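Atom set for the values below is all heavy atoms of this structure, side chains included, hydrogens, waters and symmetry mates excluded. Chain A is the first sequence line, chain B the second, and so forth, proteins listed ahead of strands; every chain is numbered from 1. Keep in mind the model is a prediction, meaning the values are calculated, not measured.
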Amino acid sequence: MIRNQIAEHVRQAIAAAQAAGALPAFDVPAIEISRPKDPTKGDYATSIALQCARAARMAPLAIGQAIVQHMAPADFIGAVEVAAPGFINFRLSGRWLSGLVATIEAANGRYGDINLGRGQTCQVEFISANPTGPLHMGSARNAVLGDTLANIMVAAGYVVQREYYVNDAGTQMRTFAETLYRRYLQQFGQDAPLESHHYQGVYMVDLAREIVAEHGDHFLAMPAEETIAALSDIGLTKILASIRASAEKLRVRFDRWYSERSLYEPGGTFEFVLGKLREAGVMAVRDGAEWLLTSRFGSDRDEVVIRSSGQPGYYASDIAYHYDKFVLRGFDRVINVWAVDHQNQARRMPYLMAALGLDPARLTIVLYDLVRLYRDGQEVKLSKRSGDIITVDEVVDEVGADAVRFLLLTRSNQAVMDFDLNLAVAQNDENPVYYVQYGHARMAGILRKAAERGFPPEQWKHGDLQLLGHARELALLRKMLDLEEVIEHAALTCAPHNLAFYALDLARIFHEFYRDCPVISGEQDDPALACARLRLVAATKAVFARVLGLMGVNAPDSM
RNA sequence: GCCCCUGUAGCUCAGCGGUCAGAGCGGGUGCCUUCUAAGCACAAGGUCGCAGGUUCGAAUCCUGCCAGGGGUACCA
């Protein structure tokens, strides 16, 4: 990354200045290179002179001058300036910048890849919605965040596994089965009213109807408990199939669907981990329940693992599941994407990790806020219980996966998102996804037209990049140069929305270029420039395709 | 009560310690015989919730307050 090269260059300049006596000896802090907000200041800047002023007992400006005077020339540096109150501003050379096109070409569609992860394994667990009904829009946000984050981690050099944790154990599953049982009986005219805690949604009626169609009255003759158990399995299979289909509509696929219930098989993970924790002496029986003593690891409370009823609590699953992730399967890192209503649980996970003897830093919980759906200015309420739900399928069918994915990525994770169905479906310039896709389509159009007019790729692929020097061309190059840093930042902060805003920026800069720099309409005047610009356009197209690809959004060649 | 998140242009939101506060949309004015006008240009629009503090420097960090949302179970 060029930023690191500049930092190293500055470090050497300081050492040289100190060796020459232009600067006194002092410990040099880590040199941070930032991007000035104001592009007229330069491409990169460092405040190192300001930071060293006290240690060096010199005025920041004088320090800056001394550093710059002892800086070796480098091909990537176009200009260096010291600016008040003590910044050193760098401008990249046009020659070096235009060479970025060749770098992008050589990357073969993978420009932007970095080696932050160094091949470590990273599991991203996301959606993991209770398998008791169709996916709603909150889960869609989870799906898009998790899937995009997984893509980002791959680009950042991790080996990634995508997992859906199926909550097929516990009370919500029991409630689901009871509901299904009653809906099944109702299909045969029996009086089996739902209670308030049951799932009221009409999809449960549809499910019961489907089961009647496939199995008839077969279950009526069986004892209730047996029927409930059977319906539980059948219903779970069907719901999971529908969740899988909904996820695929959003272009989300999992490497593994992990069953919570499997943790509790005899001799399974839960038993094993519980034994280990008891052995380690971090379990205690109190009030008839068995607790994990997380207070020993910094928590303000202990957690119930086995309830006084003898049933494991939800913390039990977390313990076994995360032991499985880190110890049995050996992931170096794990990212869980959870909705904010799990914030309390999220806060306790580090203590659980510590109790398991694992470094809490290996687990990252990404919390995201609610999605509020609006249609015609009115909020559309979501509730699985009441049955008044807007499903992912309905929204994707209405607005398309591209718009859903892009819009869900235009908000930072921890911000409540108002999802405007009218905006999403709008096939016009109000919808930012088209602004970006249109940029890609225009590039494809240029390349297509170029081929028609006697400029096929073999004609321009060796075009002279040194001819690129127009302000719009350089602006485009600078933006493309940012991609590695954007991916790094997105990976470090688990913030996929950075990609959406990057794509929007890149599109704007491309559209400006498009207007001011005709690529092939002026080729009769300067075919060499046309060739250079065609290379630039092809590289830009590749960058657009890459960013949109990371977001799971299509990059159309025409619109 | 305590904890977490959010409060930035008319609207929806980026930016989260640096050198004149940004984008998209909406509203105003221009630009299509020339690579797709789903575009571009120009102008307009902001006490970065409020008050203190830290710092050479704060929208960004700290404290307090105000407003909105979420969380605080032997539910998941």
| task | Calculate the interatomic distance between N344(A) atom CG and rC5(B) atom C1'; express it in whole Å. | result | 14 Å
| Options rC74(B), rU36(B), rC56(B), nucleotide nearest the side-chain atoms of M559(A) | rU36(B)
| field | For V304(A), side chain to side chain contact (heavy atoms under 4.5 Å, CB included) partners two or more places apart | value | A289(A), W291(A), R307(A)
| remark: Each nucleotide of nucleotides 10-22 of chain B classed B (base within 4.0 Å of a protein heavy atom), S (only sugar-phosphate) or -, in 5' to 3' order, makes --SSSS--BBB--
| message | Tell me every residue that passes side-chain hydrogen bond (donor to acceptor under 3.5 Å, both in side chains) with Q343(A), counting only those two or more places apart in sequence or in another chain. | response | none
| Which nucleotide, rA38(B), rC74(B), rG70(B), lies nearest any side-chain atom of L370(A)? | rG70(B)
| request: Indicate syn or anti for rC32(B), taking the glycosidic torsion and treating anything within 90° of 0 as syn. | output: syn
| said: Just to verify, what does R54(A) make a salt bridge (charged side-chain N to carboxylate O under 4.0 Å, His left out) with, not counting sequence neighbours? | reply: none
| said: What is the distance, to the nearest angstrom, from the OH atom on Y434(A) to the C1' atom on rA38(B)? | reply: 9 Å
| note | I509(A) atom CD1 is separated from rG39(B) atom P, nearest whole Å, by 16 Å
| note | Closest to the side chain of D341(A), out of rG39(B), rA73(B), rG70(B), is rG70(B)
| request: Select base, sugar-phosphate, or nothing to describe what D516(A) touches, counting heavy atoms under 4.0 Å on all strands. | output: nothing
| First encountered from the 5' end of RNA chain B, between K449(A) and H511(A) | K449(A)
| query | According to the Watson-Crick and G-U wobble definition with distances under 3.5 Å, which dot-bracket string, read 5' to 3', encodes RNA chain B, using [ ] for crossing pairs and | for pairs with another strand? | reply | (((((((..((((....[...))))..((((.......))))......(((((..]....))))))))))))....
| Which residues satisfy the ring-ring contact (aromatic ring centres under 6.0 Å, His included) test with Y351(A), sequence neighbours excluded? | none
| task | Tell me, please, which residues at least two apart from R348(A) pass salt bridge (charged side-chain N to carboxylate O under 4.0 Å, His left out). | result | E303(A)
| field | Minimum-distance nucleotide to Q343(A) side chain [options: rC5(B), rC4(B), rA76(B)] | value | rC4(B)
| query | How is S308(A) classified with respect to the nucleic acid when contacts are heavy atoms under 4.0 Å: base, sugar-phosphate, or nothing? | reply | base
| said: Between Y435(A) and rC40(B), is there a contact of a side-chain N or O with OP1 or OP2 at under 4.0 Å? | reply: yes
| remark: Sorted by chain and residue number, the salt bridge (charged side-chain N to carboxylate O under 4.0 Å, His left out) partners of R141(A) (sequence neighbours excluded) come out as none
| Derivation and outcome, side-chain hydrogen bond (donor to acceptor under 3.5 Å, both in side chains), residues T132(A) and Q172(A) | CA-CA 8 Å; T132(A) 54; Q172(A) 82 288 338; over 6 Å; no
| task | Identify the heavy atoms of I487(A) and I152(A) that sit nearest to each other, and give their distance. | result | O-CG2, 4.0 Å
| said: Nearest whole Å is fine: how far is rA73(B) P from Q345(A) CD? | reply: 13 Å
| note | Across all chains, not counting sequence neighbours, the ring-ring contact (aromatic ring centres under 6.0 Å, His included) partners of F544(A) are none
Nucleotide N/O to protein N/O under 3.5 Å, stretch nucleotides 28-33 of chain B:
none

| request: Go through the structure and list residues passing side chain to side chain contact (heavy atoms under 4.5 Å, CB included) with D341(A), not counting sequence neighbours. | output: A339(A)
| said: Just to be sure I understand the rule, does E512(A) reach a base, reach only the sugar-phosphate, or reach nothing, if contact means heavy atoms closer than 4.0 Å? | reply: sugar-phosphate
| What nucleic acid atoms does D302(A) come within less than 4.0 Å of, heavy atoms only: base, sugar-phosphate, or nothing? | nothing
| Pairing residues for R478(A) by the salt bridge (charged side-chain N to carboxylate O under 4.0 Å, His left out) criterion, not counting sequence neighbours | D43(A)
| task | From the options rU36(B), rA73(B), rA38(B), select the nucleotide whose nearest atom is closest to the side chain of R301(A). | result | rA73(B)
| said: Please determine whether any donor N or O and acceptor N or O are separated by less than 3.5 Å between the side chain of Y314(A) and the base of rA76(B). | reply: yes
| request: Scan C52(A) against the nucleic acid and name what it touches under 4.0 Å (heavy atoms): base, sugar-phosphate only, or nothing. | output: nothing
| task | Please step through side-chain hydrogen bond (donor to acceptor under 3.5 Å, both in side chains) for the pair H322(A) and N336(A), ending with a clear verdict. | result | CA-CA 11 Å; H322(A) 285 83; N336(A) 294 344; 2.9 Å; yes
